[in-house]
Amino acid sequence: MVYEMNKDWDRFNGIGMTSARTRARMVARLREQGIKDEVVLTAMNAVPRHIFVEESLAIRAYEDTPLPIGKGQTISQPWVVARMSELARNGKPLGEVLEIGTGSGYQTAVLALFAERVYTVERVASLVAKARRHLRDLGLTNVAISHGDGAAGFSEPLEVDAILVTAGASVLPEVLLGYLKPNGRMVLPLADEKTGQDGEPIQRLKVIERTSTGFREQTFEAVRFVPLLPGVA
Ligand code: SAH
């Protein structure tokens with residue numbers, strides 16, 4: 001169920017390119033691009049994406065493109081956020097979710113509208129601080145952000161229904177599979193053996209689902225993410 005939206009979010013709506021109408025146009029485009037999950041579309045229609053980017057870029061926030069958020073990182077393009085959310089939900093309500101790569105916090109906010117609880121981890125301290133501020137401005141209370149290397153595993157026990165890795169992995173971060181509940185799914189961009197025209201490996205969205213006997217892997221669209229990196233900064 002989508003979190004009951006607080007009318008309070010209307011105060012973030014600007015005019016023109018930061019208005020609710022521009023956001024609705026983004027959602028209409030996502031539908032044309034094949035996103036079908038109405039719960040995800042409703043959440044993306046609610047979250048003011050423009051507050052997650054620098055003020056000078058706010059007018060471009062609803063374009064279907066990644067945008068810089070500082071420290072060489074990017075906010076994922078709307079289609080990617082929608083597609084990963086749709087693959088994580090798989091048409092069913094989500095309980096607890098772990099996100100690796102908070103970045104701007106936008107994907108986190110979208111998830112927070114339909115998951116019971118979102119744990120998100122970011123390796124760059126200055127991005128953690130900014131994301132925390134934005135999520136606090138929205139008054140989202142079911143989110144916990146931490147600073148750390150999310151691909152290295154955690155010292156605390158953790159069991160979640162879904163994991164979203166929002167940075168491109170060159171090898172499968174197997175340690176994360178251990179945090180999935182039975183039937184839980186991890187959605188991530190993973191490099192395949194082929195390289196694109198630019199010589200960079202092609203990344204594809206993968207879903208790895210924990211089954212009663214092991215793991216099942218499915219491959220989806222080609223995507224482009226900044227790399228999943230070790231350690232903290
Ligand atoms: N979900 C974000 C996408 C940000 S880009 C958004 O919607 O804005 C990916 C982010 O992953 C970057 O901020 C990068 O610093 C972070 N990242 C890369 N490797 C990581 C790791 N091992 N642990 C945690 N965060 C990582």
Side-chain angles (χ1 to χ4, degrees), residues 23 26 30 35 40 43-44 46-54 57-58 60-88 97-115 118-135 137-138 140 143-156 158 160 162-179 186-191 203 205 223-233:
R23 188 160 55 250
M26 171 190 81
L30 291 171
I35 303 297
V40 171
M44 291 185 67
V47 179
R49 180 173 160 92
H50 61 277
I51 72 164
F52 291 89
V53 298
E54 296 296 329
L57 289 171
R60 300 193 55 201
Y62 297 98
E63 294 176 14
D64 197 31
T65 180
L67 293 169
I69 55 171
K71 306 285 170 182
Q73 305 305 319
T74 53
I75 178 172
S76 303
Q77 72 186 96
W79 177 82
V80 161
V81 172
R83 186 68 178 132
M84 290 186 85
S85 303
E86 179 172 75
L87 289 171
V97 179
L98 168 67
E99 178 192 26
I100 311 296
T102 316
S104 66
Y106 175 69
Q107 169 83 74
T108 318
V110 170
L111 289 168
L113 292 197
F114 49 76
V118 186
Y119 302 96
T120 183
V121 185
E122 168 58 52
R123 66 181 289 278
V124 179
S126 60
L127 297 179
V128 172
K130 272 196 247 177
R132 201 169 262 146
R133 205 167 59 235
H134 295 144
L135 294 164
D137 286 347
L138 292 179
L140 293 168
V143 174
I145 309 187
S146 58
H147 179 219
D149 175 353
F154 306 98
S155 50
E156 309 275 303
L158 184 68
V160 294
I163 300 174
L164 277 83
V165 181
T166 66
S170 47
V171 290
L172 182 68
E174 282 189 34
V175 62
L176 296 177
L177 293 174
Y179 298 112
M186 174 156 89
V187 185
L188 80 164
L190 190 65
Q203 302 170 352
L205 283 180
V223 285
R224 170 145 307 214
F225 277 81
V226 294
L228 187 68
L229 296 172
V232 292

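Whatever order the structure lists ligands and atoms in, that order sets their numbers, starting from 1.
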For ligand 1, does Arg123 get within less than 4.0 Å through its side chain, its backbone, both, or neither, judged by non-hydrogen atoms?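 For Arg123, backbone and side-chain atoms both sit under 4.0 Å from ligand 1.
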Under a 4.0 Å heavy-atom limit, does Pro230 contact ligand 1 with its side chain, its backbone, both, or neither? neither
Tell me which one of [options] gets a heavy atom nearest to [atom].
atom: atom 8 (O) of ligand 1; options: Ser104, Ala131, Ser146, Gly103; value: Ser104
atom: atom 2 (C) of ligand 1; options: Val128, Thr102, Val124, Ile75; value: Thr102
atom: atom 21 (C) of ligand 1; options: Leu229, Val226, Val121; value: Leu229

Hey, which atoms in ligand 1 end up nearer than 4.0 Å to a heavy atom of [X]?
X: Leu127; value: 13 (O)
X: Asp149; value: 21 (C), 22 (N), 23 (N)
X: Leu228; value: 18 (C), 19 (N), 20 (C), 21 (C), 22 (N)
X: Gly150; value: 21 (C), 22 (N), 23 (N), 24 (C)
X: Ile100; value: 23 (N), 24 (C)
X: Glu99; value: 1 (N)
X: Thr166; value: 1 (N), 2 (C), 3 (C), 5 (S), 9 (C)

Please confirm whether Pro66 comes under 4.0 Å of ligand 1, counting heavy atoms of the residue only. no
Please evaluate residues Ser85 and Gln107 with respect to the criterion side-chain hydrogen bond (donor to acceptor under 3.5 Å, both in side chains), reporting the C-alpha separation (whole Å), side-chain torsions for both, the decisive distance (0.1 Å), and the verdict. CA-CA 8 Å; Ser85 303; Gln107 169 83 74; 3.0 Å; yes
